[in-house]
Amino acid sequence: MTKPCIICVAITGSLPTKKNNPAVPISVAEQVESTQEAFEAGASIVHAHVRNDDQTPCSDPEKFALLKEGLQKHCPGMIIQFSTGGRSGAGQARGGMLPLSPDMASLSVGSNNFPTRVYENPPDLVDWLSAEMQKYKVTPEIEAFDLSHILQAIRLHKEGKLYGKLYVQFVMGVKNAMPVDRAVFDFYVKSMQDRAPDAEWCAAGIGPNQIVVNEWAIAAGGHTRTGLEDNVRLDRNTLAPSNAALVNRVTELCAKHERPVATWQQAREILAL
């Protein structure tokens with residue numbers, strides 16, 4: 001396959017702390033440094049959350065603004081994607097950073113179970129977030145935890161409610177949500193190909209399944225996500241020393257399957273940014 005593979009690096013997330021892995025970047029300065037290393041290793045999208053000084057998650061627009069400024073300075077051209085996820089805030093606070101007009105933002109279009117809670121994405125909030133992304137010209141990355149989320153995203157895009165090109169990410173391996181299942185993965189891919197042939201898709205695996213889903217996605221012609229948000233280890237006994245180390249694993253898989261790694265320029269072209 002000659003199609004370049006876009007690598008997204010999810011640098012921090014809302015859950016991992018330095019107790020889990022000292023390499024998890026918490027401060028804006030740490031996040032910029034970690035992203036720059038991952039960018040140089042081959043990542044062309046950074047998926048970013050921000051944290052309070054005590055490492056708890058937040059949706060502070062001022063922190064997002066500082067992060068965006070640092071990323072644009074040290075990772076010129078890299079696609080900046082902010083999280084509107086529900087672990088970092090509630091209600092419209094989840095979209096408080098969208099006026100900063102990042103290139104992309106994550107968007108969950110349906111609810112599902114997480115390990116200890118219901119991940120709520122009610123229709124009115126989904127409508128508001130998608131309208132804000134339209135207003136500020138932010139392309140959503142749909143985070144699909146279930147088949148219904150994929151079908152909902154395709155419908156919303158056909159109705160003109162999602163800005164830009166449709167980009168759907170399959171998230172597999174979250175406890176109580178969709179497990180890492182090859183038959184399901186293949187059905188997801190076929191659903192995208194049949195119902196939204198002009199769209200792009202990506203896949204992410206949680207924990208030890210990260211590398212498994214990375215390889216499935218690369219071999220199937222899609223794009224993939226890695227990073228310390230989803231997985232803090234290289235293997236059962238070894239903590240990942242950096243986000244860049246996890247990106248390096250993905251570039252090795254791209255070489256194995258003869259997929260070129262997308263440059264930031266190619267990634268922007270593929271995603272029509």
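The model shown is predicted, which means the values in this text are computed figures rather than measured ones. We count residues from 1, following the sequence as given.
- Taking each heavy atom of Gly205 and Asp230 in turn, the nearest pair found is O-CB, 3.8 Å.
- Side chains of Leu162 and Ile142 form a contact here, defined as non-hydrogen atoms less than 4.5 Å apart.
- Heavy atoms of other residues, nucleotides or ligands lying less than 6.0 angstrom from CD of Glu258 number 12 at most.
- Ser34 places no side-chain N or O within donor-acceptor distance of the main-chain N or O of Glu30, the cut-off being under 3.5 Å.
- Using modelled atom types, one side-chain atom of Thr17 and one backbone atom of Lys19 make a donor-acceptor pair closer than 3.5 Å.
- Remark: side-chain polar atoms of Gln55 are paired, donor with acceptor, to backbone N or O of Lys18 under 3.5 angstrom.
- The minimum heavy-atom distance between Ser106 and Gly85, with the atom names listed, is OG-N, 4.2 Å.
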Requested in this report: Report the C-alpha separation of Phe82 and Val50 in whole Å, then their side-chain angles, then the decisive distance to 0.1 Å, and conclude whether the side chain to side chain contact (heavy atoms under 4.5 Å, CB included) test is met.
Outcome: CA-CA 9 Å; Phe82 288 159; Val50 292; over 6 Å; no
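- Two residues are said to be in side-chain contact when any heavy atoms from C-beta on lie closer than 4.5 Å; Asn176 and Phe114 fail this criterion.
- No more than 12 heavy-atom neighbours from other residues, nucleotides or ligands sit within 6.0 angstrom of CG on Asp53.
- For Asn121 and Ser111, the side-chain atoms include no donor-acceptor pair closer than 3.5 Å.
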**Report entry** Evaluation steps, salt bridge (charged side-chain N to carboxylate O under 4.0 Å, His left out), between Arg182 and Asp186
**Finding:** CA-CA 6 Å; Arg182 184 57 194 256; Asp186 290 342; 2.9 Å; yes
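- There is a side-chain donor-acceptor pair under 3.5 Å between Ser14 and His49.
- Taking CE of Met104 as the start and SG of Cys8 as the end, the distance is 8.0 Å to the nearest 0.5 Å.
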Requested in this report: Mind running side chain to side chain contact (heavy atoms under 4.5 Å, CB included) on Met97 and Thr84 for me, showing each step along the way?
Outcome: CA-CA 8 Å; Met97 80 299 291; Thr84 67; 4.2 Å; yes
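- When every heavy atom of Ala153 is checked against every heavy atom of Val168, the shortest pair comes out as CB-CG2, 4.3 Å.
- Counting only distance, with no hydrogens or angles, the side chain of Asn113 and the backbone of Ala177 share no donor-acceptor pair below 3.5 Å.
- Tracing side-chain contacts under 4.5 Å through hydrophobic residues (I, L, V, M, F, W, Y), one reaches Val180 starting from Met178; they form part of the same cluster.
- Note: His223 NE2 to Ile7 CD1 = 11.0 Å, rounded to the nearest 0.5 Å.
- Here the closest heavy-atom approach between residue Ala240 and residue Ala23 is recorded as O-CB, 3.9 Å.
- Rounding to the nearest 0.5 angstrom, the gap separating the CZ atom in Phe170 from the CG atom in Leu147 is 9.5 Å.
- Taking the side chain as every heavy atom from C-beta outward, Glu215 and Lys256 approach each other to under 4.5 Å.
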Taking only distance into account, with no hydrogens and no angle test, what donor-acceptor pairs under 3.5 Å do side-chain atoms of residues 266-273 form with protein atoms, sequence neighbours excluded?
| from | atom 1 | to | atom 2 | distance (Å) |
| --- | --- | --- | --- | --- |
| Gln266 | OE1 | Thr263 | N | 3.0 |
| Gln266 | OE1 | Thr263 | OG1 | 3.4 |
| Arg268 | NE | Gly77 | O | 2.9 |
| Arg268 | NH1 | Asp103 | OD1 | 3.2 |
| Arg268 | NH2 | Gly77 | O | 3.4 |
| Arg268 | NH2 | Met78 | O | 3.4 |
| Arg268 | NH2 | Asp103 | OD1 | 3.3 |
| Arg268 | NH2 | Asp103 | OD2 | 3.1 |

Requested in this report: Given side chain to side chain contact (heavy atoms under 4.5 Å, CB included), test Leu129 with Gln92 step by step and report yes or no.
Outcome: CA-CA 8 Å; Leu129 287 169; Gln92 294 186 2; over 6 Å; no
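- Between the side chain of Tyr119 and the backbone N or O of Gly86, at least one donor-acceptor pair lies under 3.5 Å.
- Formation of a donor-acceptor pair under 3.5 Å by the Thr238 side chain with backbone atoms of Leu234 is not found in this model.
- Arg51 has its side chain out of reach of Thr56: every pair of non-hydrogen atoms, C-beta onward, lies at least 4.5 Å apart.
- The shortest side-chain heavy-atom distance between Ile45 and Val9 does not fall under the 4.5 Å cut-off.
- The main-chain N or O of Tyr136 is found under 3.5 Å from a side-chain atom of Ser101 such that the two form a donor-acceptor pair.
- A salt bridge links Glu200 with Lys3: the distance from a Lys NZ or Arg NE/NH1/NH2 to an Asp or Glu carboxylate oxygen falls below 4.0 Å.
- No salt bridge links Lys73 with Glu69; every basic N to acidic carboxylate O contact stays at or beyond 4.0 Å.
- Between Ile218 and Thr224, some side-chain heavy-atom pair lies under the 4.5 Å cut-off.
- Side-chain atoms of Arg233 and Asn20 form no donor-acceptor pair, as typed in the model, at a separation below 3.5 Å.
- Ring geometry, Phe185 versus Trp201: the interplanar angle exceeds 60°, so the pair is classed perpendicular (tilted spans 30 to 60°).
- Heavy atoms only, all atoms of each residue included: Cys202 and Arg225 are closest at SG-N, 3.9 Å.
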Requested in this report: Could you please spell out the steps behind the side chain to side chain contact (heavy atoms under 4.5 Å, CB included) verdict for Arg195 and Leu151?
Outcome: CA-CA 9 Å; Arg195 297 168 182 261; Leu151 302 182; 3.7 Å; yes
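- Under the 4.5 Å side-chain heavy-atom criterion for grouping Ile, Leu, Val, Met, Phe, Trp and Tyr, Ile211 is connected to Met172 within one hydrophobic cluster.
- Side-chain atoms of Gln210 and Arg249 form a donor-acceptor pair, as typed in the model, at a separation below 3.5 Å.
- Under the 4.0 Å criterion applied to side-chain N and carboxylate O atoms, Asp127 and Lys161 are not assigned as salt-bridge partners.
- In summary, the side chains of Thr12 and Gln31 do present a donor paired with an acceptor at a separation below 3.5 Å, with no hydrogens or angles considered.
- Going from atom CD of Glu141 over to atom CG of Leu166 covers 11.0 Å, rounded to the nearest 0.5 Å.
- The cluster map of Ile, Leu, Val, Met, Phe, Trp and Tyr, joined by side-chain heavy atoms under 4.5 Å apart, puts Leu239 and Leu15 in different clusters.
- Of the possible polar contacts, none joining the Asp146 side chain to the His149 backbone as a donor-acceptor pair under 3.5 Å is found.
- Summarising the geometry, atom CE belonging to Met192 is positioned 10.0 Å from atom CG belonging to Asp198; distances are rounded to the nearest 0.5 Å.
- For the pair Thr35 and Leu67, the minimum side-chain heavy-atom distance is 4.5 Å or more.
- Taken to the nearest 0.5 Å, the CD atom of Glu33 stands 11.5 Å off from the CD1 atom of Ile11.
- Across all non-hydrogen atoms, the minimal contact from Phe39 to Pro76 is CZ-O, 3.5 Å.
- More than 12 heavy atoms of other shown residues, nucleotides or ligands fall within 6.0 angstrom of atom CD in Gln72.
- Gln134 is listed as a side-chain neighbour of Tyr163, based on a closest heavy-atom distance under 4.5 Å.
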